[in-house]
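Convention: sequence-line order gives letters A, B, ...; per-chain numbering from 1.
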Number of protein chains: 2
Amino acid sequence: MDTMTQKKYEARAAVMKALAHPTRLYMVEELQKGAQCVCKLQELIGADMSTVSKHLSVLKSAGLVYDKKEGTTVYYFLKMPCVSEFISCVDTVIQRNATEQLEVARCCIKGAQQL
Amino acid sequence: MDTMTQKKYEARAAVMKALAHPTRLYMVEELQKGAQCVCKLQELIGADMSTVSKHLSVLKSAGLVYDKKEGTTVYYFLKMPCVSEFISCVDTVIQRNATEQLEVARCCIKGAQQL
DNA sequence: TTCTTATTTGGCAATTTAGCAAAATAATCA
DNA sequence: TGATTATTTTGCTAAATTGCCAAATAAGAA
């Protein structure tokens with residue numbers, strides 16, 4: 001694999017990594033509805049303010065959000081027009097996995113037919 | 001955030017995590033072209049066989065691939081119909097980031113206009 | 001200027017992840 | 001059966017990630 005190709009996968013992985021956390025996925029979905037300040041996100045998430053801020057900076061480094069300061073308040077905006085389809089894809093995988101699991105249970109585990 | 005909602009984001013993050021590695025993204029893209037045995041993937045990737053095997057098991061645990069044994073050879077198959085769009089979305093983000101960076105350079109850094 | 005509010009940064013411990021090497025499995029072949 | 005090939009598992013160490021706390025910044029209000 002040449003260097004260019006390697007760089008390509010590293011770049012993709014960097015974006016994926018930024019999204020690979022429950023809290024950050026939640027943030028992304030909230031921000032899809034509209035911009036929010038850090039304080040509001042903290043309220044929704046319920047973690048330490050510094051934790052929320054750090055998660056936002058991870059998303060920002062990956063270029064998934066940008067921020068805008070108004071007074072002392074910082075608003076974060078999502079810049080990922082394809083989020084919906086993106087998340088739908090992930091949900092499709094999850095749903096298929098669940099379905100498969102269920103089928104295995106139904107046919108192979110006694111007492112699971114009625115599930 | 002209720003438990004159900006939390007579970008949802010954790011499930012999504014688990015899938016994302018499985019994809020958040022250059023090697024695994026490469027594997028996914030190779031498998032999109034068609035099933036491959038571990039040996040072939042190792043050859044393409046050039047890492048230790050055990051490393052390749054472990055990456056594949058991560059993808060498998062996330063339900064992104066399944067495997068089929070033929071003799072001593074194990075073939076891996078991708079089961080993620082939406083991969084293409086998924087990766088396109090990531091690439092879109094990367095490209096926009098690159099474009100923005102370039103614009104910043106052009107307008108704000110002396111000697112960068114000709115880029 | 002000092003106080004207050006909103007946010008970011010630095011430090012640190014706990015957990016997770018990555019990748020190699022060696023040992024364990026599994027299936028086929030001689 | 002013993003040898004061979006393909007793959008997985010285990011053990012280990014190094015590196016990265018997470019989240020809280022405390023300290024540092026930044027902007028506006030008193």
Side-chain angles (χ1 to χ4, degrees), chain A residues 1 6-7 9-28 30-31 34-78, chain B residues 1 6-7 9-28 30-31 34-78:
Chain A
M1 180 147 41
Q6 194 151 348
K7 290 277 175 210
Y9 291 104
E10 278 168 13
R12 284 179 183 168
V15 173
M16 297 289 306
K17 242 184 195 175
L19 290 167
H21 190 286
T23 301
R24 293 196 290 268
L25 283 174
Y26 176 62
M27 285 171 155
V28 163
E30 276 304 312
L31 292 178
Q36 289 290 358
C37 63
V38 184
C39 52
K40 177 67 181 175
L41 290 169
Q42 186 210 359
E43 191 185 310
L44 290 168
I45 292 160
D48 195 279
M49 171 78 88
S50 69
T51 300
V52 173
S53 175
K54 226 174 264 186
H55 278 306
L56 285 166
S57 88
V58 170
L59 290 175
K60 187 178 167 184
S61 299
L64 294 164
V65 301
Y66 65 92
D67 60 339
K68 202 166 186 174
K69 196 163 201 171
E70 278 183 26
T72 59
T73 308
V74 178
Y75 290 92
Y76 277 85
F77 300 73
L78 186 66
Chain B
M1 179 145 43
Q6 194 152 347
K7 290 278 176 209
Y9 291 105
E10 278 168 13
R12 284 180 183 168
V15 173
M16 297 289 306
K17 241 184 194 175
L19 290 166
H21 190 286
T23 300
R24 293 196 291 267
L25 283 174
Y26 176 61
M27 286 172 156
V28 163
E30 276 305 311
L31 292 178
Q36 290 289 0
C37 64
V38 184
C39 52
K40 178 68 181 173
L41 289 169
Q42 186 210 358
E43 190 186 311
L44 290 169
I45 292 160
D48 195 279
M49 171 79 87
S50 68
T51 301
V52 173
S53 175
K54 217 175 269 180
H55 279 307
L56 285 166
S57 87
V58 170
L59 290 175
K60 188 179 166 184
S61 299
L64 294 164
V65 301
Y66 66 93
D67 59 340
K68 202 167 187 174
K69 196 163 199 170
E70 278 184 26
T72 60
T73 308
V74 178
Y75 291 92
Y76 277 85
F77 300 73
L78 186 66

Quiz item: How bent is the helix from C:dT1-D:dA30 to C:dA30-D:dT1, comparing axes over its five end pairs at each side, to the nearest 10°?
Solution: 0°

Quiz item: Can any side-chain N or O of A:Q36 pair as donor or acceptor with the backbone N or O of A:Y75 at less than 3.5 Å?
Solution: no

Quiz item: Is the backbone of A:L59 close enough, under 3.5 Å, to the side chain of A:R24 for a donor and an acceptor to pair up by distance?
Solution: no

Could you tell me the separation between the [atom1] atom of [X] and the [atom2] atom of [Y], rounded to the nearest 0.5 Å?
{"X": "B:L56", "Y": "B:M27", "atom1": "CG", "atom2": "CE", "value": "4.0 Å"}
{"X": "B:L41", "Y": "B:H55", "atom1": "CG", "atom2": "NE2", "value": "11.5 Å"}
{"X": "A:I45", "Y": "B:M1", "atom1": "CD1", "atom2": "CE", "value": "7.0 Å"}
{"X": "A:E10", "Y": "B:T23", "atom1": "CD", "atom2": "OG1", "value": "9.0 Å"}
{"X": "A:K40", "Y": "A:E43", "atom1": "NZ", "atom2": "CD", "value": "4.5 Å"}
{"X": "A:H21", "Y": "B:M16", "atom1": "NE2", "atom2": "CE", "value": "12.5 Å"}

Quiz item: Can you list every salt bridge (Lys or Arg N to Asp or Glu O under 4.0 Å) pair that touches residues 47-57 of chain B, not counting sequence neighbours?
Solution: none

Rounded to the nearest Å, what distance is computed from the [atom1] atom of residue [X] to the [atom2] atom of nucleotide [N]?
{"X": "A:L59", "N": "D:dT17", "atom1": "CG", "atom2": "P", "value": "14 Å"}
{"X": "A:Q42", "N": "D:dC21", "atom1": "CD", "atom2": "P", "value": "12 Å"}
{"X": "A:L56", "N": "D:dT18", "atom1": "CG", "atom2": "P", "value": "13 Å"}

Quiz item: Under the ring-ring contact (aromatic ring centres under 6.0 Å, His included) test, which residues partner A:Y66, sequence neighbours left out?
Solution: A:F77

Please write out each protein N/O paired with an N/O of nucleotides 10-13 of chain D under 3.5 Å, distance rounded to 0.1 Å.
{"residue": "D:dT10", "atom": "O4", "partner": "B:K54", "partner atom": "NZ", "Å": "3.4"}
{"residue": "D:dG11", "atom": "O6", "partner": "B:K54", "partner atom": "NZ", "Å": "3.1"}

Self-check item: Along DNA chain C, first and last positions that approach a heavy atom of chain B under 4.0 Å
Solution: C:dT17 to C:dT28

Quiz item: At under 4.0 Å between heavy atoms, what does B:K60 touch on the DNA or RNA strands: base, sugar-phosphate, or nothing?
Solution: nothing

Nearest non-hydrogen partners of [X] and [Y], listed with the distance:
{"X": "A:L64", "Y": "A:A18", "value": "CD1-CB, 4.0 Å"}
{"X": "B:C37", "Y": "B:T73", "value": "CB-CG2, 3.4 Å"}
{"X": "B:L25", "Y": "A:A13", "value": "CD1-N, 3.4 Å"}

For nucleotides 1-7 of chain D, list the nitrogen or oxygen atoms of the protein found under 3.5 Å from its nitrogen or oxygen atoms, one pair per line.
{"residue": "D:dA6", "atom": "O4'", "partner": "B:T72", "partner atom": "OG1", "Å": "3.3"}
{"residue": "D:dA6", "atom": "O3'", "partner": "B:T72", "partner atom": "O", "Å": "3.4"}
{"residue": "D:dT7", "atom": "OP1", "partner": "B:V38", "partner atom": "N", "Å": "3.4"}
{"residue": "D:dT7", "atom": "OP1", "partner": "B:V74", "partner atom": "N", "Å": "3.1"}
{"residue": "D:dT7", "atom": "OP1", "partner": "B:V74", "partner atom": "O", "Å": "3.4"}
{"residue": "D:dT7", "atom": "OP2", "partner": "B:C39", "partner atom": "N", "Å": "2.9"}

Quiz item: For A:A20 and B:S57, take the nucleotide of DNA chain D holding the closest heavy atom to each; which residue's nucleotide lies nearer the 5' end?
Solution: B:S57

